[in-house]
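Have a look at the structure below before the remarks.
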Amino acid sequence: MRVLQVCAEIYPLLKTGGLADVAGALPTALQGAGVEVRVLLPGFEAVMAGLKDPVTVGELSVHAAVPGARLLYGELPAVGCWAYVIDAPPLYQRPGGPYADAQQQPYPDNHLRFARLGWAAAELAGGADAYWRPELVHAHDWHAALAPACMKAMGVPAASVFTIHNLAYQGSFDARHFGELGLPLHFYNPEGLEFHGALNFMKAGLFYADRISTVSPSYAREIQSPEQGMGLDGLLRRRSAVLHGILNGVDDAVWNPARDPLIAAPFDGLKLAGKARDKAALQKLLGLAQVPDVPLFVVVSRLTEQKGLHLVLETLPKLAARGGQFALLGSGDVGMEAAFQDLASRWPDSVGVRIGYDEALAHQMVAGGDVIMVPSRFEPCGLTQLYGLRYGALPLVRRVGGLGDTVTDCSLEALDEGRATGFVFDAFDEAGLDAAVRRAFALYRRKRDWVSVQRTAMAQHHDWAVAAQGYLAMYRAALGR
């Protein structure tokens with residue numbers, strides 16, 4: 001089976017969130033399942049730098065205002081796969097990030113930049129490379145969501161799959177830009193890209209793809225409801241027969257405490273001594289009091305309302321008053337950044353904050369933390385809690401999306417049956433979060449039970465080999481096999 005994976009970012013070359021982790025791990029997992037995978041990426045500077053010995057495949061066509069470009073092919077050794085890269089410096093070589101400038105303002109021509117990605121996928125499916133032609137195109141999130149629409153417009157025979165990583169980010173643009181995309185006029189209507197008078201790339205993927213997937217079974221159900229459907233729940237209910245929920249995995253080559261080069265000391269479920277050394281190293285790094293016998297709560301996250309970080313701000317004074325410690329790595333909402341920094345300045349022995357993102361520090365936080373907090377309003381899958389399970393940082397999560405699918409609360413029954421792996425709460429409010437924090441403190445005082453739950457958590461298997469089988473089954477369904 002020949003599959004082209006289309007995405008805007010890929011770990012370890014370019015990462016702004018969990019999408020990159022998935023895009024970087026899935027090709028290797030699919031190759032292990034016997035799939036012939038190639039990746040299509042925009043020619044961002046980091047991607048171009050990671051492309052080994054590129055050769056020119058040919059020129060990509062102009063589609064209305066979507067400019068032509070050169071299509072390159074080469075190896076991405078850091079990822080372990082072969083890739084097509086769109087070489088278009090005016091579109092992708094910019095001083096800011098992949099989607100926004102240095103002031104976090106979205107680029108005004110994003111509709112053209114990512115329409116170029118969609119058309120490139122369609123052209124490859126139509127035979128742009130005489131030596132390799134995909135049977136199926138797998139597009140990820142709104143940046144690649146125009147690919148199934150472009151394929152329909154070109155009439156190429158390949159099947160298409162579209163994966164929602166987060167329905168909240170839809171790629172919405174003013175309707176006046178439709179004529180610039182090069183799609184047939186009838187594609188702009190409610191049975192197409194039109195969405196409340198605007199263009200919606202995400203809707204294009206949902207409408208035109210042969211199969212749709214998202215990154216957990218619970219999220220696949222939740223987005224069919226008005227509460228979490230972000231206005232697209234009606235379309236998702238209509239297409240529910242082809243909607244799949246496939247749980248993300250953890251890349252063992254990157255996230256494994258027994259051989260992680262980024263942490264102070266290795267450890268595993270049988271030998272946990274290294275985790276205590278990682279905790280001490282993290283406390284020292286962040287300037288926290290060097291005490292081993294208090295629970296250290298950590299957050300590694302974008303600072304947004306979706307992630308429930310305002311609830312963490314509300315409960316943090318109580319957490320510190322109980323003798324706990326707290327460490328945060330993240331960036332986003334400027335008000336939240338300032339609020340967390342203020343708490344760190346008031347309680348330097350108990351609260352450590354680092355604004356920004358640092359991959360090495362993220363590993364050190366998960367390795368050194370006792371509890372990792374993910375109290376999201378909604379969460380398609382969540383990778384952070386999976387990393388926490390792997391590293392014995394017990395996840396404290398809200399029962400939503402993939403968080404509820406992957407973490408078992410430390411109820412008396414679950415503790416008795418040896419199933420408990422973390423702390424789960426339901427109501428999206430400070431009282432619900434605080435109750436879960438208090439349960440974490442209570443379990444932490446029972447050292448034998450705490451270690452037992454840690455070992456149960458670390459024994460969970462959320463690997464990409466399992467996820468790859470789910471994707472393979474969906475691909476077969478899309479191809480009618």
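Heavy atoms only: backbone and side chains are in, while hydrogens, waters and symmetry mates are out.
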**Item:** Cation-pi, Y107 ring and R94 (6.0 angstrom, 45 degrees)
**Value:**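 Relative to the ring axis of Y107, which defines the angle, R94 lies inside both limits.
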Is the distance between the ring centroids of [Y] and [X] under 6.0 Å?
| X | Y | answer |
| --- | --- | --- |
| Y73 | W132 | no |
| F378 | F428 | no |
| Y444 | W450 | yes |
| W347 | F326 | no |

For the [atom1] atom of [X] and the [atom2] atom of [Y], what is their distance to the nearest 0.5 Å?
| X | Y | atom1 | atom2 | value |
| --- | --- | --- | --- | --- |
| L403 | C381 | CG | SG | 8.0 Å |
| L146 | F201 | CG | CZ | 4.5 Å |
| I86 | F44 | CD1 | CZ | 9.0 Å |
| I212 | L236 | CD1 | CG | 6.0 Å |
| H244 | R211 | NE2 | CZ | 4.0 Å |
| R438 | K318 | CZ | NZ | 8.0 Å |

So, are [X] and [Y] salt-bridged, with charged N and O less than 4.0 Å apart?
| X | Y | answer |
| --- | --- | --- |
| R398 | D426 | no |
| K275 | D370 | no |
| E413 | R419 | no |

**Prompt:** Between the main-chain N or O of R448 and the side-chain N or O of S452, is there a donor-acceptor pair closer than 3.5 Å?
**Reply:**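 Flag not set: sc S452 to bb R448 has no pair under 3.5 Å.
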Polar side chain donor-acceptor pair, [X] to [Y], under 3.5 angstrom:
| X | Y | value |
| --- | --- | --- |
| N256 | D260 | no |
| S225 | D233 | no |
| T421 | Q460 | no |
| Q306 | S376 | no |
| H138 | T163 | yes |
| Y391 | Q454 | no |

Less than 4.5 Å apart, side chain to side chain, heavy atoms only: is that true for [X] and [Y]?
| X | Y | result |
| --- | --- | --- |
| V366 | W255 | yes |
| D349 | L288 | no |
| N248 | W464 | yes |
| Y99 | T16 | yes |
| L389 | H462 | yes |
| L361 | R354 | yes |
| R439 | D409 | yes |
| L396 | F425 | yes |

**Request:** For residues P257 and M458, report the shortest heavy-atom separation together with the two atoms involved.
**Result:**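 So the minimum-distance heavy-atom pair works out to CG-CE, 4.2 Å.
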**Over all atoms of both residues, closest heavy-atom pair of A289 and Q325** =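 Looking at all heavy atoms of both residues, the closest pair is O-NE2, 3.0 Å.
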**Item:** Over 12 foreign heavy atoms within 6.0 Å of CD, Q290
**Value:**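 Yes.
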**Request:** Assess whether atom NZ of K447 is packed by more than 12 heavy atoms of other residues, nucleotides or ligands within 6.0 Å.
**Result:**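 Yes, enclosed.
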**Message:** Would D333 and R302 count as a salt bridge (charged side-chain N to carboxylate O under 4.0 Å, His left out) here? Give the steps.
**Reply:** CA-CA 8 Å; D333 182 272; R302 295 192 312 274; over 6 Å; no
**Prompt:** What do the steps show when you test L124 against L40 for side chain to side chain contact (heavy atoms under 4.5 Å, CB included), and what is the final call?
**Reply:** CA-CA 9 Å; L124 278 166; L40 172 64; 4.1 Å; yes
**Message:** Using the rule given for side chain to side chain contact (heavy atoms under 4.5 Å, CB included), can you reason through L72 versus M48, listing the C-alpha separation, both sets of side-chain angles and the distance that settles it, and then say yes or no?
**Reply:** CA-CA 10 Å; L72 305 179; M48 296 291 285; 3.8 Å; yes
**Request:** Walk me through it: do M1 and L136 pass the test side chain to side chain contact (heavy atoms under 4.5 Å, CB included)?
**Result:** CA-CA 8 Å; M1 188 185 296; L136 183 142; 5.5 Å; no
**Item:** Pair D268-R390, salt bridge (charged side-chain N to carboxylate O under 4.0 Å, His left out): steps then yes or no
**Value:** CA-CA 9 Å; D268 59 31; R390 193 77 178 84; over 6 Å; no
**Message:** Assess the residue pair M373 and T384 against the criterion (side chain to side chain contact (heavy atoms under 4.5 Å, CB included)); give the C-alpha distance rounded to whole Å, side-chain angles, the decisive distance to 0.1 Å, and a yes or no.
**Reply:** CA-CA 9 Å; M373 305 174 78; T384 305; over 6 Å; no
